[in-house]
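Scroll down for the structure; my scribbles are underneath it.
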There are 2 protein chains.
Amino acid sequence: MNEFKKTPTIQDVARVAQVSSATVSRALTSPERVSEATRERITEAVLATGYTVNQMARSLRLRAAKTILIAIPNIGNPFYSTILDAVVQDAAERGYGVLVANRLGGDPTRGLKDYFYSNRADGLLLFDASLDLEALQDLPLVRGNRPLVLSCDDIPDAPLDMVMTDNREAVETAVQHLIGLGHTKIGTVRSRTTPNVPSERHAGFELAMQRAGLPIRQEWVWQGDHAIAGGIAAAESWLALDERPTALFCGNDETAIGFISRLRRAGVECPRDVSVIGFDDIAVAEHLSPALTTMRQPRHQMGKVATALLLDILEGPAGERPPIRHVLKSELVIRTSTSAPPA
Amino acid sequence: MNEFKKTPTIQDVARVAQVSSATVSRALTSPERVSEATRERITEAVLATGYTVNQMARSLRLRAAKTILIAIPNIGNPFYSTILDAVVQDAAERGYGVLVANRLGGDPTRGLKDYFYSNRADGLLLFDASLDLEALQDLPLVRGNRPLVLSCDDIPDAPLDMVMTDNREAVETAVQHLIGLGHTKIGTVRSRTTPNVPSERHAGFELAMQRAGLPIRQEWVWQGDHAIAGGIAAAESWLALDERPTALFCGNDETAIGFISRLRRAGVECPRDVSVIGFDDIAVAEHLSPALTTMRQPRHQMGKVATALLLDILEGPAGERPPIRHVLKSELVIRTSTSAPPA
DNA sequence: CTGAAAGCGCTAACAC
DNA sequence: GTGTTAGCGCTTTCAG
């Protein structure tokens with residue numbers, strides 16, 4: 001209505017409704033503490049003035065930003081963007097905004113610290129396992145109520161609240177699938193891992209191989225980057241090998257896509273010449289040719305569970321408490337990129 | 001240091017540096033307005049206290065949240081997540097946080113309004129063309145300085161600041177590519193479009209067909225959903241046809257992926273039996289089998305340009321001005337999903 | 001060049 | 001059930 005007046009405040013509403021600003025505030029946040037009649041007058045006044053709360057003022061007063069920060073290593077990766085989708089949805093439903101962080105310059109924790117110290121976010125959802133855990137301890141939030149939920153797969157015993165998947169078992173299942181098909185020469189493209197922390201996924205690989213009495217040959221273990229490029233590099237290395245593995249476990253689906261694609265260009269067919277199993281089950285996996293066998297990760301659920309946990313912590317009582325840990329189940333999805341080894 | 005004290009304020013710094021809080025504030029925001037000596041004392045005091053600014057208080061005072069809001073129809077789609085990546089990066093470099101919005105309940109603009117009316121965000125990056133433009137006019141920001149940048153492809157002459165690609169030409173190029181290969185029976189899976197606004201992409205399709213003197217057959221025009229499912233549905237419809245188009249233009253890459261995949265299950269091979277061209281060039285496109293011919297959209301650049309434009313508007317002078325429009329170029333990427341029609 | 005003081009819009013004691 | 005008042009942490013006149 002008032003095109004040229006500044007945005008209405010709680011005072012304006014109070015004036016129109018003929019009450020004090022405190023009463024308006026009460027009517028807004030806990031309506032039951034206000035009489036029926038005044039509540040109605042206030043509701044009308046809100047409508048008449050076009051009032052909406054100023055979240056900044058409220059946050060300053062309440063010392064709560066009603067905002068959470070999410071740190072993701074690679075937003076462009078469909079795996080993470082699905083998680084983000086779930087987080088935004090669920091946070092919004094509980095009245096929280098979601099700020100997206102990225103790495104700033106050299107120190108990856110730098111940006112995160114800034115957000116917290118500046119009171120822009122109340123809690124942190126950390127999906128980036130490649131951050132240095134030591135540096136994390138510096139975050140103010142790690143003390144006390146600890147509004148930080150970590151969701152990654154390579155820090156199994158950090159004293160933090162976590163949402164993770166059953167990685168070690170998942171990889172075991174994947175490798176057992178290959179072994180069950182008759183493969184004995186099995187390689188892997190390792191996923192990226194947290195500095196100075198042994199990789200859970202790789203541990204699962206070693207375990208499965210060991211149990212089956214199969215050797216792990218270092219020239220069949222490649223370091224990936226969780227992206228297509230890493231799969232391509234591994235494929236080129238594979239092609240140069242004298243003795244090649246007949247099956248490959250890839251740390252994620254993009255890696256598998258790059259590997260299969262590069263091999264095809266060289267005339268090597270999957271699964272005829274080499275079986276490949278991925279990890280994640282991103283949306284395109286089932287539509288590839290060959291359709292990708294993979295371990296499905298409950299990404300959407302990961303986002304939901306992590307959000308719920310963080311918001312419960314934020315809204316729950318302060319004080320020391322033991323860390324909470326959710327472990328979600330992965331699932332083997334058998335498609336056509338894996339088969340018995342060539343004769 | 002002070003584990004149990006509340007976070008330090010500007011007052012604490014002032015006390016330690018033996019100056020007034022006003023001087024600390026000045027030293028922080030415009031150091032040149034403070035004498036060398038005091039500036040140094042203040043710098044030391046900041047370090048000693050571990051002070052960081054409280055963004056909430058600053059925002060309340062300055063009436064600026066230093067935050068932008070980005071609205072994306074589908075975060076899970078790699079096309080949008082790449083844009084988001086660029087936006088977060090560039091916004092952070094200029095000191096802005098990025099809030100991610102999603103649709104809340106029935107009224108899609110509802111959530112957006114809330115963010116603005118509540119002063120949580122200073123500007124809006126709108127990548128969601130499916131919002132109702134009329135409703136958009138209600139947003140307070142559309143008046144005056146108009147801190148809203150729209151980036152989509154189907155509202156060519158809205159009086160708004162926009163970043164778009166040369167859609168009509170891009171689709172023309174795509175269709176001409178098919179025609180150049182010898183196709184005359186060409187169908188399309190239309191992309192989703194803004195309600196009540198004619199689709200630019202479809203207009204490009206019609207134009208190219210018309211120029212080549214080719215008829216547009218309605219049974220060869222399918223409505224997609226910008227996702228794999230839409231491509232699958234179109235494929236099933238295609239399979240049921242008596243007379244089938246030999247080439248298909250898809251509104252985006254996921255649609256093409258779904259289409260090709262579903263056809264393959266039915267024994268129909270691309271490009272042997274039907275040529276398919278996509279739109280976007282998402283990362284996997286070149287690694288598919290067949291590798292997807294597509295129109296590459298400069299997604300990263302779209303994010304960067306849109307962010308720069310919005311922040312320039314926010315930080316520039318207020319007042320009326322003509323709308324700004326950036327048009328970015330698409331690029332035909334020929335791969336193997338398109339070939340001459342079957343004999 | 002610096003300090004005092006006001007106030008951004010809101011909520012929470014504390015009165016009545 | 002409602003009003004008064006103070007203050008969250010910051011910036012910005014206005015004096016000096």
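FYI, side chains are in, hydrogens and waters are out, and symmetry mates aren't considered; it's all heavy atoms of this structure. Throughout, a chain's letter reflects where its sequence line sits, starting with A, and its residues are numbered from 1.
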Estimate the overall bend of the helix from dC1(C)-dG16(D) to dC16(C)-dG1(D) from the end axes over five pairs each, rounded to 10 degrees.
40°
Name all pairs fulfilling the salt bridge (Lys or Arg N to Asp or Glu O under 4.0 Å) condition that reach into residues 53-65 of chain B, sequence neighbours left out, sorted by first residue then second.
none
Just to verify, what does Arg39(B) make a salt bridge (Lys or Arg N to Asp or Glu O under 4.0 Å) with, not counting sequence neighbours?
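For Arg39(B) the salt bridge (Lys or Arg N to Asp or Glu O under 4.0 Å) partners, ignoring immediate neighbours, are Glu36(B).
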For Arg33(A), what residues pass the salt bridge (Lys or Arg N to Asp or Glu O under 4.0 Å) criterion, not counting sequence neighbours?
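If we apply the salt bridge (Lys or Arg N to Asp or Glu O under 4.0 Å) test to Arg33(A), skipping adjacent residues, there are no hits.
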Scan Ser59(A) against the nucleic acid and name what it touches under 4.0 Å (heavy atoms): base, sugar-phosphate only, or nothing.
nothing
Considering residues at least two apart in sequence or located in another chain, which fulfil the side chain to side chain donor-acceptor pair (under 3.5 Å) criterion with [X]?
X        : value
Asp85(A) : none
Ser21(A) : none
Ser25(A) : none

In whole angstrom, give the distance that lies between atom [atom1] of [X] and atom [atom2] of [N].
X        : N      : atom1 : atom2 : answer
Glu40(A) : dG1(D) : CD    : P     : 15 Å
Arg15(B) : dA4(C) : CZ    : C1'   : 16 Å
Arg33(B) : dG3(C) : CZ    : P     : 13 Å
Lys66(A) : dC8(D) : NZ    : C1'   : 17 Å

Which residues pass the side chain to side chain contact (heavy atoms under 4.5 Å, CB included) test with [X], not counting sequence neighbours?
X        : answer
Thr23(A) : Val19(A), Ser20(A), Arg26(A), Val34(A), Ile42(A)
Glu44(B) : none
Thr43(A) : none

Short side-chain N/O contact from Thr38(B) to OP1 or OP2 of dC1(C), under 4.0 Å:
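For dC1(C), OP1/OP2 do not have a side-chain N/O of Thr38(B) under 4.0 Å.
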Any side-chain heavy atom of Gln11(A) within less than 4.5 Å of one from Val24(A)?
no
Does any residue of residues 19-29 of chain A have a heavy atom under 4.0 Å from DNA chain D, and if so, which ones, in number order?
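Result for residues 19-29 of chain A: Val19(A), Ser20(A), Ala22(A), Thr23(A), Arg26(A), sorted by number.
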Scan nucleotides 7-9 of chain C against the protein and return all N/O pairs shorter than 3.5 Å with their distances rounded to 0.1 Å.
unit_1, atom_1, unit_2, atom_2, d
dG7(C), N2, Arg61(B), NH1, 3.0
dC8(C), O3', Arg63(B), NH2, 3.0
dG9(C), OP1, Arg63(B), NH2, 2.4
dG9(C), N2, Ala57(A), O, 3.4

